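Below is one structure, written out as structure tokens; comments come after it.
In what follows, every chain begins at residue 1, and chains take the letters A, B, ... in the order their sequences are listed. These figures come from a predicted structure and were not determined experimentally.
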Amino acid sequence: MALMRITSPHAHGPMSTTRVMQNVLLALIPGVIVLTHFFGFGTLVNIIWGCALAVAFETLALLLRGRPPLFYLKDLSAIVTATLLCIALPPYSPWWLIAVGIASAILIAKHFYGGLGYNPFNPAMVGYVVLLISFPLQMTAWSPPRGAGEVPGLIEALQALFVPASFDGITMATPLDILRQNNSLLIKDLWQQTPQFGRWGGMGWEWANIAFLAGGVWLLYQRIFTWHAPVAMLVSLGLMASLFYDGGSSASGGSPLFHWLSGATMLGAFFIVTDPVTSAVSLRGRLIYGALIGVLVYLIRVWGNYPDAVAFAVLIMNFAAPFIDYYTQPTSYGHSSEEGK
Amino acid sequence: MRKIFGFHGGIHPPENKHQSMAGVIELAGIPAQLTLPLSQHIGAPASVVVAVGERVLKGQLIAQAKGFVSVPLHAPTSGIVSAIEDRLIAHPSGLTAPCIVIDTDGKDEWVEHVGTADFESLEPAELINCIREAGIAGMGGAGFPSAVKLSVKPDTKITTLILNGTECEPYITADDILMRERADQIIRGANILSHILKPDEVLIGVEDNKPEGITALRAAAQGSNIEIVSFPTKYPSGGEKQLIEILTGKQVPSGGLPSDLGIVCQNVGTAVAIANAIDKGEPLISRITTVTGKGVSTPGNFEVLLGTPMSFLLERAAYQSEINNRLIMGGPMMGFTTPDADVPIVKTTNCILAPTEDELPTPPPAQACIRCGLCAEACPATLLPQQLFWFSQGKEFEKLEAHNLFDCIECGACSWVCPSNIPLVQYYRNSKAEIIQTRQENEKSEQSRVRFEAREQRLIKQAAEREEKRAARKKAAEERAKQAASGEGEDPIQAAIERAKAKKAAQENA
Ligand code: SF4
Ligand code: SF4
């Protein structure tokens, strides 16, 4: 047998990009189950439709770019992008809304920039923001959680997706909206008077966030990413919230616990902020990156005019990531830190 | 207990050391032919001092060192020099190189040699010279001439002598078995080195996955000031720079040498070679090599003559060529594949690895870099491998240098962790080679530019001088003309013309 000539190292560790993505998908399962429990099949239907579209768009883009689709589809990154976007979308979204979102994410945010690894912006968040700006009405139409209203069944969910005109789901303001718009009630009273609030955050939302947190902790345990960015984001969000909590007056921005367990906080912290491609690279860089996202999330939530802030905060910081990298280069072996840059 | 410092990054690949640790050091025996490359070390190749057809004895000098950074070569056994020619050697590039070929006669007849009973009576310089003449080059892998490492500048005070018994590469156990079986010789070598360098402390660093080796060394070092330091197993703690950081907390400055910190580091195998050279007068003609991997049925450690064909050694370990698809000289992290099973064992060959496909699978095609940063976390040199990869692809050489490409020790930790299977180290090697080549070309063109400019200058100067002389002559001529005109002297030309005119006139009148 002819001897093979290849260069070292000859051994390779157990990690593969496909495995990373698989683990991320697995870690999302508890959150999706909780969302489905509280909001019905909408999210699940979103995800299945979104993934089908993502595979189709990814294949198309790869063919156009002259790449073998099967090899690249195997990395599962398109599926992860689609799943994340679909979780963030309101349940019972129409088919075309998801299609526009996925197309923006896969075709524009990912492949226009050269495919996986070359995209400066998180594709799922680009898809989300494109939709938010183009279709604000559909993007703020959240159905009420179980306990605060009727939850549609599977047939209705499919109806909502494919024949949106025939579906008349009820929608309700999300807890984040309510809090932002509140200027007359003390936090305590607001909580009592509004059915959308739960024990610590929004009803249903709090459990979904806890489920995403659990998934994230599992990924940390699997060493899929490091703790730096998510923890920094949660800490800075918590600090901002405690700073402006002002004891729960009508002008309060909400408690830290409320912010941690509302909206896309945990999904963002463990599944978006940790996206390696678009975040800062060094550990110090990730601390800064995560912390600034936490601050921005709070600012946009409380003083902005959007249903949630994670997408905007992440995109802004995607933009800043290369600069953070530039200023947080680690000191290489044999180069004393006084040497400077 | 000594304080142990860590180093950045590192990985924990499966060790796979037990396979080759079952037995004791076996003698590989004498093959029919030995092939000895003239360059088995870093530096200038040795120059041949024997002729084809000549009979040589075991330990006889067959090639001498050429220059300071070079080592001589000795016949590993007795026999006839049958050829001096280019042969395929074990080099990453798979090239041929000049070799001395010896047909062995099986008599194993020694040349006359004597050791020194009492090394302490010798001056350091004499000992260094003995080490140099014994042809000893670093046996851990790099092959840097040991005598050069020991010849520190006279004004440098060496505070710490470190013997490297770390052997952090998976699969390799050559140093481990040496420590178990020949600990007293290692200590002997350490004492000789200590006598040469006069350090304040002598440390032997060993990873904690070699408890037997540590015990043996501690027993042998009893009563001496040599300290055996064990520390947690992590690849690549055996890298010289990493070991120094682990033991002293100091980093060798980029581009500098350990001696800048007052440290000299030698491999334990080198220490044994030094002890043999001084005590017995034996040059370096054999070494211990691990033969392992699932491609051999009886893996183990062999004391093997330099120049022995790899195939001979593989046979000793019951090689199964059908299930082996690559032969690696060195370990799975930093070793290189050889083009042929007949390439010779050299001074730096610590391991031959014959893996099966499922043991070390062929790397799958690389996927995109997802910037996960695992490589940066693993890098013991605290570089940013993903950035280096990026710049390597774009051939951005200046950025590569600014990101300290040349501090990369090619340990392979980054490639090992990379989930996208990117052959990062290969990119770095290529980039380094290209940068070095461009540098050399620049240097050359700089030299020729300097030469060209010097020539230009010279020409200009010469032209100016000529012009000056011409001007001076012209001026002198004018002076004389002036003098002639003012009647102060006769102008010879004018006079000649006058004379000619007069002559012509006379002829016409005649
Ligand atoms: S480990 Fe591989 S995929 Fe991850 S950042 Fe480094 S080069 Fe890129
Ligand atoms: S091969 Fe170079 S870049 Fe990669 S981990 Fe080792 S030192 Fe760092």
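- A/Ser8 places no side-chain N or O within 3.5 Å of a backbone atom of B/Phe336 that could act as its donor or acceptor partner.
- Environment of OH in A/Tyr113: sparse, with no more than 12 heavy atoms of neighbouring residues, nucleotides or ligands closer than 6.0 Å.
- Counting only heavy atoms from C-beta outward, the side chains of B/Val252 and A/Tyr333 approach each other to under 4.5 Å.
- How far OG1 of A/Thr328 is from CG of B/Leu384: 8.0 Å, rounded to the nearest 0.5 Å.
- Taking NZ of A/Lys74 as the start and CD of B/Gln367 as the end, the distance is 6.5 Å to the nearest 0.5 Å.
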Show me, pair by pair, the donor-acceptor contacts under 3.5 angstrom made by side chains of residues 59-68 of chain A, not counting sequence neighbours?
unit_1, atom_1, unit_2, atom_2, d
A/Thr59, OG1, A/Val55, O, 2.6
A/Arg65, NH1, A/His111, ND1, 2.9
A/Arg65, NH2, A/Gly114, O, 3.1

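- Taking a 6.0 Å sphere around CZ of A/Phe71, one finds it holds more than 12 heavy atoms contributed by other residues, nucleotides or ligands.
- B/Ile370 touches chain A through backbone and side chain together, each having a heavy atom under 4.5 Å away.
- Contact of B/Asp407 with chain A is made through the side chain alone, with heavy-atom distances under 4.5 Å.
- With a threshold of 4.5 angstrom between heavy atoms, B/Pro365 approaches chain A through its backbone and through its side chain.
- With values rounded to the nearest 0.5 angstrom, A/His335 atom NE2 is found 3.5 Å from B/Asn404 atom CG.
- Under a cut-off of 6.0 angstrom, the local environment of NZ in B/Lys17 is crowded, with over 12 non-hydrogen atoms contributed by other residues, nucleotides or ligands.
- Looking at B/Cys372, the atoms closer than 4.5 Å to chain A (heavy atoms on both sides) sit in the backbone and in the side chain alike.
- Qualifying side chain to side chain contact (heavy atoms under 4.5 Å, CB included) partners for A/Gln22, counting only residues two or more places apart in sequence or in other chains: A/Thr18, A/Arg19, A/Leu76.
- Using a 4.5 Å cut-off between heavy atoms, B/Val417 contacts chain A through its backbone alone, with no side-chain atom that close.
- Using a 4.5 Å cut-off between heavy atoms, B/Lys250 touches chain A through its backbone atoms (N, CA, C, O) alone.
- Between the A/His10 side chain and the B/Gly335 main chain, a donor and an acceptor come within less than 3.5 Å of each other.
- Ranked by heavy-atom pairs under 4.5 Å with chain A, the list B/Gly256, B/Pro170, B/Cys418 is led by B/Cys418.
- With a threshold of 4.5 angstrom between heavy atoms, B/Glu377 approaches chain A through side-chain atoms but not through N, CA, C or O.
- Applying a 4.5 Å heavy-atom cutoff, the residues of residues 274-284 of chain A that approach chain B are A/Pro276, A/Val277, A/Ser279, A/Val281, A/Leu283.
- Between the side chain of B/His8 and the backbone N or O of A/Ser332 there is no donor-acceptor pair closer than 3.5 Å.
- Residue B/Leu353: no heavy atom, backbone or side chain, is found under 4.5 Å from chain A.
- Comparing B/Ala368, B/Ala413, B/Ala381 by how many heavy-atom pairs each has under 4.5 Å with chain A, the most go to B/Ala381.
- Looking only at side-chain heavy atoms (C-beta outward), A/Pro9 and B/Val425 come within less than 4.5 Å of each other.
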Stepwise side-chain contact (heavy atoms from CB on, under 4.5 Å) test for B/Arg371 and A/Asp325: CA-CA 12 Å; B/Arg371 306 204 340 127; A/Asp325 278 340; 3.6 Å; yes
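- If you tally non-hydrogen atom pairs under 4.5 Å between each of B/Gln386, B/Met333, B/Gln387 and chain A, the highest count goes to B/Met333.
- Residues from residues 115-127 of chain A that place a non-hydrogen atom less than 4.5 Å from a non-hydrogen atom of chain B comprise A/Leu116, A/Gly117, A/Tyr118, given in numerical order.
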